[in-house]
Amino acid sequence: MTDEETQELMAKFDPEAGHRRLTGIIGWIALAGLVGFSVFQLYTAIFGVFTAQLQRSIHLAFALGLIFLLFPASKKKLRDKTKGKFQVAWYDALLALIGVYVGMYWPLNFDELVFRVGRLTTLDLIVGLLAILLVLEATRRVVGLPITVITSIFLLYAYLGPYMPGFLQHRGLSIDRIIRSMYYTTEGILGTPLGVSSTFIFLFLLFGAFLVKTGVGQYFNDLALVIAGKRVGGPAKVAIFSSALQGTISGSSVANVVTSGSFTIPMMKRLGYRKEFAGGVEAAASTGGQLMPPIMGAAAFLMVEFIGGITYWEIAKAAAIPAVLYFTGIWIMTHFEAKRIGLRGLTEDEMPNRKAVLAKIYLLFPIVAVIFFLMSGTSVTRAALYAILSAIVVGAINKETRMGIRDFIDALANGARTALGVAAATAAAGMIVGVVTLTGLGLKLANSLVSLSGENLLLTLFFTMIASLILGMGSPTTANYVITSTIAAPALIVLSVPELSAHMFVFYFGIVADITPPVALAAFAAAGVSGGEPLKTGVQSAKLAIAAFIIPYIFVLSPELMMIDTTWQSLLWVLFTSLTGMISIGAGMIGYWYRRTYLIERIAAVAAGVMLIYPEGSTDLFGLGLFIGLLTLQFMIKLDDQKKQYINA
């Protein structure tokens with residue numbers, strides 16, 4: 001695929017990629033704004049962040065101004081075909097200026113606003129109302145319509161409380177109270193979600209931009225080829241390995257699919273994989289990149305703030321085994337599929353030079369550095385700063401990857417551009433959190449969810465999963481997590497589920513919504529690359545990612561899977577049984593082991609796998625016994641078939 005085709009495909013399925021390519025004076029203004037955005041974030045990271053309202057409002061000012069310059073009101077207006085150049089409408093320029101003014105209203109009037117302690121003037125109310133409307137419109141442009149509609153419904157709920165039915169009723173809030181809460185406190189637009197965006201998330205997105213400039217993205221592909229290319233069905237395994245690594249520098253499933261998929265999907269098709277299967281492998285693997293430590297999706301940084309009293313490293317550590325199981329499941333199923341249809345690996349001629357690839361292994365140092373700093377107790381902000389510095393130093397080792405002034409400026413601009421969607425989504429999500437806090441809606445919904453399930457934990461988990469999947473269809477992971485963590489997660493906590501397990505549960509299903517039909521954006525993007533049928537590709541990706549639909553239930557029921565209150569001996573046993581279980585589930589889902597399996601064998605294999613993944617002594621032993629029995633049966637039948645073939649020959 002050409003760069004232009006890649007950009008068009010990303011813009012189609014990922015609203016955050018549908019930005020204007022500005023030229024001329026307006027292009028220079030936008031570039032200056034993007035670079036200035038990154039410089040501001042680096043300055044506060046190095047010398048210390050400002051007061052919450054100042055840090056977050058300046059972050060918002062940059063985001064609103066740049067969004068209205070870079071993202072048109074409609075995708076149809078993205079390109080002026082008559083002139084062949086990207087243009088900015090006069091009203092977009094005006095909205096950009098108003099957005100900057102609204103964001104800077106806090107810094108310009110900080111002392112006065114603090115002194116008045118909530119007593120707002122008419123101008124304050126007008127600016128607050130503009131802030132709400134501009135955030136909604138900016139979110140629609142850069143993130144999409146679903147989260148904008150959801151946020152608007154919550155705001156209406158805050159106002160129309162007395163008219164709500166049954167348990168949803170509340171006294172209702174006046175327009176003045178809503179505006180004051182949404183923009184003049186840290187419980188709305190300037191709340192915790194935007195606070196995390198203006199510190200941790202931005203820096204890690206900037207880190208990803210610097211990694212891309214050093215050529216790490218392409219190196220991931222080359223390294224994956226060296227490790228997995230010659231194996232059975234090599235290209236599919238390359239896609240899995242490469243996408244897991246790509247997830248460390250990309251916070252978007254769709255972006256991951258298009259960038260690495262444009263390389264891996266054609267390889268899979270060339271070796272004989274069906275279009276839908278090739279797209280499904282890439283979509284499932286790319287989506288899983290947000291589940292893979294050390295750098296998970298942007299929502300993981302929000303989790304640190306929402307749970308409280310927990311470090312990012314503890315979250316990454318808890319996610320490690322589930323993430324390994326997720327990718328193991330996809331790897332195993334692609335292996336069995338390749339064996340089933342008789343696919344080969346890549347030939348020596350199709351492989352990159354092994355020595356040349358291994359000679360560049362130092363390019364992975366920045367990722368190792370992040371792990372080290374997080375493990376050593378360094379703050380997340382400092383870890384990100386050191387990681388950015390290490391990426392620059394590592395890139396300077398080789399002339400090919402050494403960054404010049406232009407590369408440095410591009411990295412600053414690209415990092416800021418990537419952060420715009422997160423800033424808009426977190427600002428909108430902050431309003432949702434504000435409404436939930438003001439009206440007590442979270443507790444009401446949590447109690448109703450528990451009542452609906454009859455206080456049955458499994459039913460509550462199921463309803464929570466459905467809510468997370470629905471909210472995640474077309475919404476970014478950050479916004480989805482904010483909503484589900486304030487509405488659905490409390491229902492699990494009421495039933496004595498550990499807080500980290502409850503939050504990780506909704507986090508998982510918010511992410512896998514990207515590959516869950518009928519709205520599976522990552523799978524549809526993969527279909528755009530492979531030429532396959534979108535819905536079938538979505539079904540394949542969901543099938544390959546079956547682990548993501550099972551594992552969250554397991555780590556809620558038994559937190560040992562997340563290394564919570566467990567010993568090393570127990571942990572090793574959990575790893576052994578879980579990985580064995582994924583082999584069994586993979587064989588059952590694909591219908592092949594050492595040979596094609598019958599329906600009853602497939603059902604038994606999936607059942608054995610689920611029992612092995614569930615960390616309970618009795619289920620482990622029963623599942624292991626069933627697994628050994630199935631494996632022995634498969635092996636004996638295969639030997640018998642080989643014996644018959646030998647006799648016939």
Side-chain angles (χ1 to χ4, degrees), residues 4 7-34 37 59-104 126-156 182-183 189 194 252 254-255 413 416-431 473-476 478-479 519 521 525:
E4 188 174 344
Q7 290 296 331
E8 287 181 3
L9 191 61
M10 286 179 64
K12 181 178 180 181
F13 295 104
D14 185 359
E16 295 178 35
H19 57 83
R20 298 179 173 110
R21 274 68 176 175
L22 299 173
T23 57
I25 295 176
I26 195 69
W28 285 107
I29 292 172
L31 178 62
L34 290 167
F37 197 3
H59 184 80
L60 181 67
F62 272 112
L64 290 177
L66 289 166
I67 286 171
F68 288 115
L69 280 184
L70 292 171
F71 292 84
S74 169
K75 286 185 179 181
K76 294 178 181 179
K77 298 179 181 180
L78 189 60
R79 180 183 290 275
D80 184 339
K81 295 182 178 179
T82 58
K83 296 181 180 179
K85 294 181 180 179
F86 291 89
Q87 305 295 316
V88 175
W90 66 268
Y91 51 83
D92 284 339
L94 179 61
L95 287 173
L97 290 173
I98 297 173
V100 172
Y101 172 73
V102 164
M104 293 303 295
I126 292 171
V127 170
L129 179 60
L130 284 173
I132 294 171
L133 296 175
L134 288 174
V135 166
L136 288 173
E137 173 58 11
T139 304
R140 184 193 69 80
R141 291 189 182 201
V142 72
V143 180
L145 193 58
I147 182 61
T148 310
V149 171
I150 292 169
T151 307
S152 301
I153 290 171
F154 272 82
L155 289 171
L156 284 173
M182 291 303 108
Y183 196 57
I189 293 172
L194 189 66
S252 166
V254 172
R417 189 182 294 113
T418 305
L420 295 178
V422 177
T426 51
M431 288 194 278
M473 292 177 180
S475 296
T478 45
V519 183
L521 293 181

Between [atom1] of [X] and [atom2] of [Y], what distance do you get to the nearest 0.5 Å?
| X | Y | atom1 | atom2 | result |
| --- | --- | --- | --- | --- |
| Thr478 | Leu194 | OG1 | CG | 11.0 Å |
| Leu31 | Arg417 | CG | CZ | 8.0 Å |
| Thr151 | Ile132 | OG1 | CD1 | 11.0 Å |
| Arg141 | Leu95 | CZ | CG | 6.0 Å |
| Leu69 | Leu64 | CG | CG | 11.0 Å |
| Ile29 | Leu66 | CD1 | CG | 11.0 Å |

If I compare all heavy atoms of Leu34 with all of Ala416, which pair ends up nearest, and what's the gap?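 It is O-CB, 3.3 Å.
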Which pair of heavy atoms, one from Phe68 and one from Glu137, lies closest together, and at what distance?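 Scanning both residues, the minimum pair turns out to be CE2-CG, 3.6 Å.
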Using a 4.5 Å cut-off on heavy atoms from C-beta on, say whether the side chain of Val135 contacts that of Tyr183. no
Check whether any side-chain heavy atom of Arg20 lies under 4.5 Å from a side-chain heavy atom of Asp92, and answer yes or no. yes
Closer than 3.5 angstrom, by distance alone: can the side chain of Arg140 be matched with the main-chain N or O of Ala73 as a donor-acceptor pair?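 Checked: pair present.
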Donor-acceptor contact present, side-chain Thr139 to main-chain Ala424, <3.5 Å: yes
Can Leu420 and Phe71 be said to form a side-chain contact (heavy atoms from CB on, under 4.5 Å), step by step? CA-CA 10 Å; Leu420 295 178; Phe71 292 84; 4.0 Å; yes
